[in-house]
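What follows is a short report on a single structure.
To find a chain, count down the sequence lines: A is the first, B the second, and so on, and within it residues start at 1. Atom set for the values below is all heavy atoms of this structure, side chains included, hydrogens, waters and symmetry mates excluded.
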Amino acid sequence: MAMYWRKTWPFHMLLLPALILCIVFQYIPLFGVVIAFQDYQPWLGIKGSTWVGLDHFRYLFTYPDGKQVIWNTLIIAAFKVIMNLFIPIVFALLLNEVRKIFFKRVVQTLVYLPHFLSWVILGGIMLDILSTEGGIVNRVLHSFGINSIFFLGNGPWFRFTVILSDVWKEFGFSAIIFLATLIGINPALYEAAEIDGATRWQQVKSISIPLILPIVIVVATLSLGRILDAGFDQILNLYNPLVYSHGDIIDTFVYREGLNNGQFSFGTAVGLFKSLIGFILIVISYRLAYKLANYRIF
Amino acid sequence: MGHYVKFAKLLALSIAIGVLPTLAACSSNNNQEPSGSPASTAESASSGAGTWEQKFDPPVTITTAIVDDGASRGNAFKPGESMEDNMNLRWMKENMGINVKFDFIVTKPEDYDTKLRLLLSSGAKLPDAFRAQGEPLQSLLAANKLMSLDEAIEKYAHPGYKELLKNYGYTLGEVKKDGKIYGLPSFFMGDEGTVMWIRKDWLDNLGLQPPKTLAEFENVLKQFTENDPDKNGKNDTIGLAVPLKEGPWTWMGQTDAIVAALTTQMINTSDIRSFWNKGEDGKLTYGAINPDAKLYLQTMKDWMSKGYMDKEAGIKDPSKSSELVASGKAGIMFGPAWMGDWPLSDATKNDPKADFEPYPLPAGPDGLVGRAEKMLVSGFTVFNKDFKDIEVWFAYFNKMFAKQLEQEGDPFFDPRWKDGYYEGYDYVKYNGKLIKGDYEAAGVPADQWPLKDGRSMDMRFMMTNILGSSVTIPYSNEAPVKKFLADPNAEPVSSKEFDVKQMKKKQIDGQGVRINQGITEGKNYFTGPMTPTMKSKGELLKKLATESYLKIIYGDQPIEYFDEFVKEWLDNGGQKITDEVNAWYAENQ
């Protein structure tokens with residue numbers, strides 16, 4: 001053992017800088033979450049601020065709008081998580097069947113471009129294309145004899161718009177990981193299937209889908225951790241008083257409540273609450289994946 | 001193997017060395033002591049106190065901090081100059097014995113506030129003089145980090161400034177603690193009061209007169225909506241462009257004039273600190289819950305249902321809303337006089353005949369006319385409690401203030417700044433004539449232009465430094481506006497007149513309409529810091545109010561819903577806030 005150490009210690013030393021950086025920037029700041037249980041005042045610091053126990057958490061749940069905000073978050077985020085998993089998979093499977101490499105590349109590039117646009121810009125664009133007076137979407141609806149829809153000013157339609165536009169923005173980018181997995185599948189499997197007389201559909205069903213399933217489980221498990229992230233940037237840029245009842249989410253609420261008024265403790269408490277729920281969900285889904293699919297992620 | 005081990009040893013060592021400075025940087029933030037402040041130790045002598053000649057020897061260093069978004073100020077400095085090295089700083093050093101040092105310069109206001117909070121929580125030294133507002137300001141006050149200024153004002157301030165502080169004392173609520181003043185207000189000009197902008201060419205097309213009453217106003221809305229005022233044969237116009245995302249009161253397109261034509265109450269739903277109106281019993285009440293607001297809501301609901309107003313008003317902010325008037329789809333928009341340039345002049349890009357003119361505000365059925373007063377103060381200049389040289393700060397401030405005041409025989413007025421600040425910067429002398437702006441039109445050769453592209457320079461960035469914000473005397477541009485209204489070609493004499501002359505003609509017209517209508521503007525009587533319940537419940541009430549107003553205007557709820565809203569508002573902390581506001585008012589009025 002001593003011999004082993006004498007020979008290999010420099011390799012271990014190589015880990016040290018990364019380890020130190022990780023501890024300094026990832027773990028030490030973790031102690032900052034104690035301010036979630038304090039009435040934190042910047043000039044008093046963590047040592048001087050008074051302890052208030054679970055007051056901030058209680059505040060979130062007893063706040064008149066608290067339930068509505070949590071409910072909105074869950075609905076919007078749940079739909080986003082499901083759609084952002086399902087649609088990229090379907091898209092990746094379809095694109096994988098495309099024979100023309102050029103066409104495939106062009107489509108792939110085009111669909112992941114929106115990912116790089118910020119919601120500040122898209123917010124303005126959406127206001128215009130979804131306008132009830134001359135917006136392109138409503139004009140198309142008109143030509144089918146459908147009445148104008150006030151997408152951004154009507155609660156249920158607002159949710160629909162938020163979810164759909166998020167999927168539109170992200171599905172191309174999310175599909176990359178599935179496409180990469182599909183490309184990595186051994187062509188011999190397909191060749192063998194073809195010789196055995198399998199149709200394309202049968203090949204997809206029996207080769208492609210089973211082989212990307214592990215990755216799907218990983219992505220699904222990780223995305224469950226974001227179940228309380230309904231998309232702060234997006235909602236902040238699109239919402240308005242007309243749709244507060246259907247569109248106000250935890251993050252926008254904390255933004256107005258915490259940051260605008262400098263309530264650090266409250267903001268931290270909500271952040272901690274969200275992380276905790278996310279953590280629990282990840283653990284559960286990890287267990288489920290292991291039990292049902294006998295698959296270990298970590 | 002041995003070879004790899006040796007390589008790994010070296011690599012580990014070099015990485016460790018490379019990382020060290022990063023780690024060290026994390027812990028050394030507190031040790032940033034200002035290196036060059038000899039003035040605090042060695043007593044600095046000054047000559048010429050109380051006049052423009054005041055100079056300090058040895059030079060005194062004053063530290064400050066500033067927001068400087070490099071992108072939006074293309075005409076602030078000459079090439080090679082910067083916030084930290086420019087004409088004015090060199091001048092101050094040479095002629096006044098003042099060294100300016102920036103503790104930090106950030107690009108965004110949010111970053112500025114964050115920086116202040118960090119300084120507070122780490123206990124590091126604050127700049128000597130700097131700007132603060134809102135929550136960071138209250139934190140600084142609560143932490144006892146700021147200097148009380150009553151004595152310094154009394155001893156060093158320009159007499160005109162003392163008077164100004166007395167006249168606008170009611171704006172100091174946020175920086176008062178135990179009866180003492182802890183900050184100097186950054187005043188606005190106060191010239192942003194609402195006027196009514198209407199497409200005159202549309203009025204003419206339909207043979208209409210500018211509306212003088214609310215009834216006539218409604219008729220114009222109707223005609224603009226239904227009778228094709230732009231004569232393009234399409235039913236594609238509406239009357240009023242209005243942003244309602246933030247309720248009746250905002251910075252452009254606001255409907256305070258409609259509110260004021262119907263009631264003496266002032267209404268804002270998007271800020272719990274305004275408007276607090278004074279009742280006959282001397283108590284303050286929140287305007288948005290006053291029963292009179294129903295008159296306003298009924299009117300707006302009516303116009304919305306008839307299609308006179310932008311159907312999408314509820315999801316639009318002021319800039320978005322102004323696109324309607326710029327694109328020639330709406331004929332009326334309320335707002336400040338400066339709208340005569342942006343956004344209204346954009347309308348001519350679509351239609352060369354488009355002609356927005358400012359008009360006096362319409363009167364209500366009982367003859368009421370009015371508008372709300374824009375906030376006169378935003379932010380304060382505050383001083384580090386340990387700052388020793390406030391006399392030096394005032395020497396520069398008084399000079400700048402005297403320059404704004406331009407009073408004859410003022411001992412603080414610096415004759416070196418008579419024509420402007422610096423020749424070749426904000427003015428050029430050519431053929432014995434003083435020229436400020438439009439250098440090309442005035443025939444100045446290109447090599448004498450302050451900037452290569454011929455634009456005039458925005459001196460505020462250079463001059464502000466330790467002052468926290470540019471020096472403005474409220475309402476001081478009224479006389480120059482009147483002068484150029486009477487004779488647009490008059491020669492500007494004072495700097496203020498030069499500034500006003502720089503405005504577009506439509507803007508001056510707008511200012512004229514505003515001044516000549518002679519309205520007493522509705523005041524917000526609460527100017528104190530956020531009360532405890534405002535902090536905990538303010539956002540909830542703001543959301544409740546704005547949402548309820550829009551629901552009623554859009555017809556999702558009947559007008560009777562207003563009473564329900566008021567009850568909910570009071571039950572959810574509104575009553576408590578009202579009590580707190582009145583307790584504050586009783587103490588501070």
Side-chain angles (χ1 to χ4, degrees), chain A residues 6-18 20-21 24-25 28 40-46 59 63-66 123-124 127-128 130-135 148 150-155 158 238-245 248 253-264 266, chain B residues 1-2 4-13 15-16 18-19 22-23 26 113 117-118 120-123 134-136 138-140 142-145 236 238 244-247 269 310-312 314-316 320 329 530 534-536 538-540 542-544 546-547 549-551 554 556 568 572:
Chain A
R6 206 176 310 145
K7 268 217 142 28
T8 56
W9 71 265
F11 293 105
H12 289 278
M13 287 300 287
L14 279 179
L15 261 181
L16 206 61
I20 292 175
L21 285 181
V24 169
F25 290 110
I28 293 180
Y40 178 73
Q41 305 291 354
W43 65 92
L44 294 175
I46 289 175
Y59 183 69
Y63 202 75
D65 282 355
L127 225 57
D128 281 332
L130 296 178
S131 164
T132 52
E133 287 148 50
S148 281
F150 198 2
F151 287 101
L152 295 175
N154 175 301
F158 179 77
L238 292 177
Y239 82 156
N240 57 72
L242 286 173
V243 295
Y244 276 158
S245 54
D248 197 12
F253 165 70
V254 171
Y255 170 75
R256 292 197 311 268
E257 192 67 34
L259 288 184
N260 288 353
N261 292 341
Q263 301 195 31
F264 304 105
F266 179 63
Chain B
M1 181 74 194
Y4 285 121
V5 170
K6 208 169 171 190
F7 175 69
K9 268 184 197 170
L10 266 175
L11 193 62
L13 189 70
I15 291 177
V19 168
T22 329
L23 297 177
C26 304
D113 284 354
R117 288 187 190 117
L118 281 176
L120 249 182
S121 54
S122 68
E135 180 270 324
Q138 293 310 317
S139 295
L140 286 162
N144 278 326
K145 296 281 186 190
D236 61 350
I238 56 159
L244 288 176
K245 196 172 173 179
E246 286 140 20
T269 58
D310 180 12
K311 276 263 183 312
E312 296 189 314
I315 65 173
K316 286 185 180 170
K320 195 75 198 165
K329 294 274 176 271
M530 298 265 270
M534 278 184 180
K535 274 188 191 160
S536 60
E539 287 297 327
L540 172 75
K542 166 182 154 183
K543 178 176 160 182
L544 176 68
T546 313
E547 195 179 13
Y549 266 54
L550 281 183
K551 274 184 183 161
Y554 269 85
D556 295 345
E568 209 177 321
N572 278 305

*Is a side-chain donor or acceptor of Glu312(B) paired with a backbone partner of Thr132(A) at a separation under 3.5 angstrom?*
yes

_Nearest 0.5 angstrom please: Leu242(A) CG to Leu244(B) CG, how far?_
8.5 Å

*asked:* Once rounded to the nearest 0.5 Å, what's the spacing between atom OG of Ser131(A) and atom NZ of Lys320(B)?
replied: 8.5 Å

*Heavy-atom neighbours of Lys311(B) NZ exceed 12 at 6.0 Å*: yes

*Please state whether the side chain, the backbone, both or neither of Tyr239(A) comes within less than 4.5 Å of a heavy atom of chain B.*
backbone

*Is there side-chain contact between Arg256(A) and Lys543(B), with at least one heavy-atom pair below 4.5 Å?*
yes

*asked:* So, taking the atom named CD1 in Ile315(B) and the one named CZ in Phe150(A), what distance separates them when rounded to the nearest 0.5 Å?
replied: 4.5 Å

*For Leu130(A), is it the side chain, the backbone, both or neither that has a heavy atom under 4.5 Å from a heavy atom of chain B?*
backbone

*Contacting moiety of Tyr554(B), where chain A heavy atoms sit under 4.5 Å*: side chain

_Heavy-atom side-chain proximity of Ser536(B) to Phe266(A) below 4.5 angstrom_ = no

*Which atom names give the shortest non-hydrogen contact between Pro241(A) and Thr546(B), and what distance separates them?*
CG-CG2, 3.4 Å

*Which value, rounded to the nearest 0.5 Å, describes the distance between Asp65(A) atom CG and Asn572(B) atom CG?*
8.5 Å

*Tyr63(A) side, atom OH; Glu539(B) side, atom CD - distance, nearest 0.5 Å*: 7.0 Å

*First locate atom CG of Leu540(B), then atom CD of Glu257(A), and finally report the distance between them rounded to the nearest 0.5 Å.*
7.5 Å

